[in-house]
Undergrad: 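If you scroll down you'll find the structure; I have some questions about it.
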Amino acid sequence: MNIVPISAFTDNYIWCLHLNDRRAIVVDPGDPEVVEAYLAANNIELAGILVTHHHFDHTGGIEALTNASSVAVIGPENSPFSGLTQTVRHGSELMFESLDIKVLAVPGHTLDHVAYYIPQLEALFCGDTLFSGGCGRVFEGTFAQMRKSLASLRELPVTTSVYCAHEYTAANLKFALAVDPDNSDLQARVAQVSRLRQLDKPTLPTTLGEERRSNPFLRWDAPAIIGSAQRKEPVQDADDVFRVIRQWKDSF
Ligand code: ZN
Ligand code: FE
């Protein structure tokens, strides 16, 4: 199975999942033109759209992509976005041709945010919840909610490929190094990412194993991260550690 990033705006990726030679699903098509161009160039028909959350850079292309055909638009039941044709919630399972797609509710960045996990591909589409080296800003939910959402993603197999919606990795890693300077896995990831960006290549997908080793926002229980949070302000528990480093990143 082929999963290809379509670049949009300055740093979004619209992931295109090929079901076969002729049909594909796209995730979070914020920009219709880049998707239409990709489909036309590869002679592919749009079979469906998965929506992780309502932000315009993830939904802005849906109307244009669907007004000529009846494409399934699947997204969270509590979405403020009005263009869905099928809604899902935590624990929903979708069958898309031969694909079995599991839905996880991951509120925090927004309250409607969901992630899509495809066990047979070991693929996770997590929108703006988990990034490589970072995580989404907490806009609508609480820090505790966001940490719990990340904790549920962290439970997936370490071999899971993680398809994030933005190319934020290099900037995230700058911050990660400030929080976790002695982490040799992080240092290795920084070197790898800088090589990829020099070649103008995506740093995604990443893997859950990589993120568990190097992403401070999945490491609220690691002594080095707890220590760095503690030097900012007194922390009592995992939610505090997460909140302190997330707020630190917001002003970094
Ligand atoms: Zn967003
Ligand atoms: Fe976004």
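Both counts, for ligands and for their atoms, begin at 1 and track the order of listing. Please read all numbers here as calculations on a predicted model, not as lab measurements.
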Undergrad: Give the atom name of whichever N/O/S atom in Asp128 sits closest to the Fe ion (ligand 2).
TA: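 The atom in question is OD2.
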Undergrad: Which angle, to 10 degrees, forms at the Zn ion (ligand 1) with NE2 of His109 on one side and NE2 of His53 on the other?
TA: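 Vertex the Zn ion (ligand 1), arms to NE2 of His109 and NE2 of His53: 100°.
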Undergrad: Using 4.0 Å as the upper bound for N to carboxylate O, is an ion pair formed by Asp221 and Arg154?
TA: yes
Undergrad: How is the N/O/S atom of Asp128 that comes nearest to the Zn ion (ligand 1) named?
TA: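 The nearest such atom is OD2.
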Undergrad: Report whether any nitrogen, oxygen or sulfur of His53 sits less than 2.8 Å from the Fe ion (ligand 2) (N, O or S, backbone or side chain).
TA: no
Undergrad: Would you confirm whether Trp15, through its side chain, and Cys164, through its main-chain N or O, come within 3.5 Å as a donor-acceptor pair?
TA: yes
Undergrad: Taking 2.8 Å as the cut-off, does His55 contribute an N, O or S atom near the Fe ion (ligand 2), distance below it?
TA: no
Undergrad: Do you know which N/O/S atom name in His55 is closest to the Zn ion (ligand 1)?
TA: ND1
Undergrad: Ignoring hydrogens and angles, tell me if any N or O in the side chain of His109 forms a donor-acceptor pair with the backbone of Arg137 under 3.5 Å.
TA: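 Checked: pair present.
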Undergrad: Do you know which N/O/S atom name in His58 is closest to the Fe ion (ligand 2)?
TA: NE2
Undergrad: So Phe217 and Phe175, would you call those rings parallel, tilted or perpendicular, with 30° and 60° as cut-offs?
TA: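 Answer is parallel, since the angle falls under 30°.
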Undergrad: If you measure from the Lys or Arg side-chain nitrogens to the Asp or Glu carboxylate oxygens, is any gap between Arg246 and Asp250 under 4.0 Å?
TA: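 Yes, charged N to carboxylate O under 4.0 Å.
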Undergrad: For N/O/S atoms only: which one belongs to Asp57 and is nearest the Fe ion (ligand 2)?
TA: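 Looking only at N, O and S atoms of Asp57, the one nearest the Fe ion (ligand 2) is named OD2.
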Undergrad: I'd like to know whether the aromatic ring centres of His55 and His113 sit less than 6.0 Å apart in this structure.
TA: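 Between His113 and His55, which both carry aromatic rings, the centre distance is not below 6.0 Å.
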